[in-house]
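As a basis for the values below, the full set of heavy atoms in this structure was taken, side chains included, without hydrogen atoms, waters or symmetry mates.
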Amino acid sequence: MKQIPCALTIAGTDPSGGAGVQADLKTFQELKVYGMSAITSIVAQNTTGVRDVHHIPVEMLRQQLQSVSEDMPIHALKTGMIAQKNMMEAFKEWLEKVDAFYVMDPVMVAQSGDPLIESESREYLKKQLLPLTTLVTPNIPEAEHLTGETIETEEDMKMAAKHIVTDLGAGAALVKGGHLNGKAIDYLFDGSRIQSFETERIDSANTHGTGCTYSAAITANLSRGHSLGRAVEEAKYYVTEAIRYSFDLGKGNGPTNHFAVREEVFNKWL
């Protein structure tokens, strides 16, 4: 029997369904990957912002991770929101025993501007978890925090990607250009070369959860055995179409459409 690709997300929740674990699992399903999850925090949020956060006790996080890895194959995994240092320590201890691709979405602040990670956790993420990654996927504000440098141009993005790999020890870095003007271009540095991934910029305010969705799509593609470059290229297409056919739901930034790449959707909406 052909092995089923399996991917695990370790992140916080979004009851409105556009971001966090919910977005990750939708993405895994659409890309024909068996999705699993470990919850780090229960987040009361919607398209307008975060109202409250309850962090799962660290021992419960340990038990979730152990329960999955003892019983199920994990071909790739991703992390989103891990808010507290003790959670990161427990995750690191577990990860060092797991043989899987690791994609880090360095979630620090929600799209609404609400902080999602404690300050001491940011330093631990940077110094202890980054060196364990296969890939880290920062947007420009996150890349600025990681590098300590201002990013205003595409050349700055390339330099940031190199810095994150060469100086901070990440396996590879994908710096996303969503905060710049012009075409939507991202730069990947894998330790030896820079690759660019460019699409048209979709004029839409409905971008809630795009970072989660993008990194989840890369994770799914890696679990299917794709090379890193191909995993990013196909994920870039997936998230672009999810924005193109996004949903006008909620009072803030609406959610992306996780099933936008289905053939029947294109036939109906094009």
As an exercise, state the distance from [atom1] of [X] to [atom2] of [Y], rounded to the nearest 0.5 Å.
{"X": "T240", "Y": "E200", "atom1": "OG1", "atom2": "CD", "result": "8.0 Å"}
{"X": "T137", "Y": "M104", "atom1": "OG1", "atom2": "CE", "result": "9.0 Å"}
{"X": "I10", "Y": "I39", "atom1": "CD1", "atom2": "CD1", "result": "10.5 Å"}
{"X": "L65", "Y": "E70", "atom1": "CG", "atom2": "CD", "result": "11.0 Å"}
{"X": "L77", "Y": "T134", "atom1": "CG", "atom2": "OG1", "result": "8.0 Å"}
{"X": "T153", "Y": "M157", "atom1": "OG1", "atom2": "CE", "result": "9.0 Å"}

Got [X] and [Y] here, is their nearest side-chain heavy-atom distance under 4.5 Å?
{"X": "R122", "Y": "L146", "value": "no"}
{"X": "M36", "Y": "F28", "value": "no"}
{"X": "L135", "Y": "L222", "value": "no"}
{"X": "E154", "Y": "I185", "value": "yes"}
{"X": "Q3", "Y": "H75", "value": "yes"}
{"X": "I82", "Y": "S121", "value": "no"}
{"X": "N257", "Y": "R244", "value": "no"}
{"X": "L168", "Y": "P131", "value": "no"}

Minimum heavy-atom separation for [X] to [Y], with atom names?
{"X": "T213", "Y": "A23", "result": "OG1-CB, 4.0 Å"}
{"X": "A38", "Y": "L61", "result": "CB-CD1, 4.4 Å"}
{"X": "V53", "Y": "S41", "result": "CG1-CB, 4.0 Å"}
{"X": "S215", "Y": "K78", "result": "OG-NZ, 2.8 Å"}
{"X": "A220", "Y": "V33", "result": "O-CG2, 3.6 Å"}
{"X": "V175", "Y": "A143", "result": "CG1-CB, 4.2 Å"}

Indicate, with yes or no, if [Y] and [X] share a hydrophobic cluster defined by side-chain heavy-atom contacts under 4.5 Å among Ile, Leu, Val, Met, Phe, Trp and Tyr.
{"X": "F259", "Y": "V239", "result": "no"}
{"X": "L95", "Y": "V58", "result": "no"}
{"X": "V50", "Y": "M81", "result": "yes"}
{"X": "V68", "Y": "I56", "result": "no"}
{"X": "V21", "Y": "M60", "result": "yes"}

So does [Y] get a backbone contact from the side chain of [X], meaning a donor-acceptor N/O pair under 3.5 Å?
{"X": "E96", "Y": "E93", "answer": "no"}
{"X": "D156", "Y": "E152", "answer": "yes"}
{"X": "N221", "Y": "R224", "answer": "no"}
{"X": "N253", "Y": "N206", "answer": "no"}
{"X": "E144", "Y": "I151", "answer": "yes"}
{"X": "T47", "Y": "G252", "answer": "yes"}

Just wondering, more than 12 heavy atoms not from [X] lying within 6.0 Å of its [atom1]?
{"X": "D248", "atom1": "CG", "value": "no"}
{"X": "E123", "atom1": "CD", "value": "yes"}
{"X": "M72", "atom1": "CE", "value": "yes"}

Examine the side chains of [X] and [Y] and answer whether a donor and an acceptor come within less than 3.5 Å of each other.
{"X": "D24", "Y": "T27", "value": "no"}
{"X": "Q195", "Y": "Y187", "value": "no"}
{"X": "Y214", "Y": "D105", "value": "no"}
{"X": "H208", "Y": "D14", "value": "yes"}
{"X": "S37", "Y": "T9", "value": "no"}

Tell me if the aromatic rings of F197 and Y237 count as close, with their centers under 6.0 Å from one another. no

Step by step, would you call F91 with Y102 a ring pair (Phe, Tyr, Trp, His ring centres under 6.0 Å)? CA-CA 12 Å; F91 167 70; Y102 170 30; 5.4 Å; yes

M87 and K92: side-chain contact (heavy atoms from CB on, under 4.5 Å), yes or no, with the steps? CA-CA 9 Å; M87 287 186 180; K92 181 176 183 285; over 6 Å; no

Given side-chain hydrogen bond (donor to acceptor under 3.5 Å, both in side chains), test H163 with T147 step by step and report yes or no. CA-CA 7 Å; H163 183 161; T147 63; 4.9 Å; no

Hey, mind stepping through R230 and E234 against side-chain contact (heavy atoms from CB on, under 4.5 Å) and telling me if it holds? CA-CA 6 Å; R230 182 182 172 190; E234 293 189 3; 2.7 Å; yes

Given side-chain contact (heavy atoms from CB on, under 4.5 Å), test R51 with V43 step by step and report yes or no. CA-CA 8 Å; R51 295 186 178 183; V43 185; over 6 Å; no

Take Q128 and M88, measure what side-chain contact (heavy atoms from CB on, under 4.5 Å) needs, and give me the verdict at the end. CA-CA 9 Å; Q128 300 296 325; M88 292 184 179; over 6 Å; no

In this structure, which one of R201, K176, K236 forms a salt bridge (charged side-chain N to carboxylate O under 4.0 Å, His left out) with D186? K236

